[in-house]
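Below is one structure, written out as structure tokens, with a few remarks after it.
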Amino acid sequence: MKKILIIGAGGQIGSELTTHLRSIYGQHNVLAADIHSTPGEEDFVQLDALDAAAVAQAVRENGIDTIFNLVALLSAKGEANPQLAWRVNMGALMNALEVAREYNCSVFTPSSIGAFGPDAPKDLTPQDTPMHPTTIYGVCKVAGELLSNYYFQRFGVDARSVRLPGVISSQALPGGGTTDYAVEIFYAALRGERFVCPVPHDRFMDMIYMPDVLQAMVQLMEANPERLVHRNGYNVAAMSFSPEIIAAEIKKHIPGLEMVYEIDPVKDAISAGWPNLMDDSVARAEWGWNPQWGLAEMTADMIETLGRRLR
Ligand code: SER
């Protein structure tokens with residue numbers, strides 16, 4: 001049985017990953033950590049991911065063997081403060097890898113569609129292709145993939161990662177990302193508010209629904225290491241759509257949805273450099289990636305689940 005530490009457990013992915021992993025590995029085998037305290041939560045430790053000694057202490061005192069490092073400033077927020085984004089995104093990963101080296105842990109870190117830049121093919125973006133991102137977020141993701149591979153080759157640290165599309169979920173909100181619009185549009189639709197879309201109507205991006213994200217993380221971390229040739233930065237694709245396509249899908253359920261465009265120049269520039277749809281055949285071949293949620297199923301479930309939460 002794994003003993004898991006989730007760093008950044010209060011975020012969009014962390015909050016649902018904590019519940020999911022506890023349902024698989026048991027409540028007391030999953031320690032949640034975040035910089036913000038969660039009053040009353042069991043098996044929780046408050047720590048700053050940039051404090052290496054605090055991360056080491058949590059691992060040592062709890063017999064941790066697997067670390068999920070989910071700490072990151074997202075793409076748009078990163079452009080507002082690139083120095084901070086580098087310090088947080090790389091600092092948290094470096095600490096996780098170093099502690100993993102010392103205490104013999106596995107490490108999962110999300111990479112992203114943001115790791116690609118304008119010179120990568122947009123359609124069916126290959127697993128191995130030029131990676132020259134133009135955001136500090138993307139620079140951190142490429143550096144993070146390389147650093148994770150380095151820690152594996154040099155020190156034998158079992159570090160693994162996937163390049164996540166924009167994550168759509170009904171619990172915690174994302175914050176500061178370019179793909180956030182695809183979550184926010186559901187809140188507006190369900191609240192009967194006009195949605196102001198910050199990216200162009202025909203801008204395609206990869207997206208993924210949270211249950212598939214959780215599945216990818218568990219599947220990759222449970223995968224037979226002998227089958228993992230790439231280890232870090234697996235493309236995982238699930239669906240691809242533009243704002244006008246998701247709006248049309250939501251309107252099948254909520255016909256009154258009103259959407260206007262006020263293009264955010266930062267998000268426009270960022271998303272213009274990202275894939276339309278990644279080729280995920282390597283993840284399928286090396287560890288059995290097999291997404292379950294497409295646009296129609298995700299939209300129906302979001303409206304149902306988020307609708308219940310907002311009532
Ligand atoms: N969702 C992230 C962002 O938009 C991409 O990985 O920044």
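Counting convention: from 1, in listed order, for ligands and their atoms alike. Computed from a predicted structure; not experimentally measured.
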Checklist entry - Relative to ligand 1, is Y181 under 4.0 angstrom through side chain, backbone, both or neither, heavy atoms considered? => result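 It is neither part, as no heavy atom is under 4.0 Å.
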Which ligand 1 atoms does [X] reach within 4.0 Å, using its non-hydrogen atoms?
{"X": "L74", "answer": "7 (O)"}
{"X": "S75", "answer": "3 (C), 4 (O), 7 (O)"}
{"X": "S112", "answer": "5 (C), 6 (O)"}
{"X": "T178", "answer": "3 (C), 4 (O), 7 (O)"}

Next on the checklist: So, taking the atom named CG in N276 and the one named OG in S271, what distance separates them when rounded to the nearest 0.5 Å?
Outcome noted: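 Nearest 0.5 Å value for the CG-OG distance: 10.0 Å.
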Checklist entry - Relative to each other, are the rings of H201 and Y261 parallel, tilted or perpendicular (30° and 60° limits)? => result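 Rings of H201 and Y261: perpendicular, over 60°.
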Item to check | Nearest non-hydrogen protein atom, atom 1 (N) of ligand 1 | outcome: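 For atom 1 (N) of ligand 1, the nearest protein heavy atom comes out as T179 OG1, 2.8 Å.
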Less than 4.0 Å between a side-chain N and a carboxylate O, is that true for [Y] and [X]?
{"X": "E145", "Y": "K141", "result": "no"}
{"X": "R231", "Y": "E286", "result": "no"}
{"X": "K3", "Y": "E61", "result": "no"}

Checklist entry - Under 3.5 Å between some N or O of ligand 1 and some N or O of D180? => result no
Checklist entry - What pairs with P200 under side chain to side chain contact (heavy atoms under 4.5 Å, CB included), at least two apart in sequence or on another chain? => result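 P200: side chain to side chain contact (heavy atoms under 4.5 Å, CB included) contacts with D202, R203, I263, D268.
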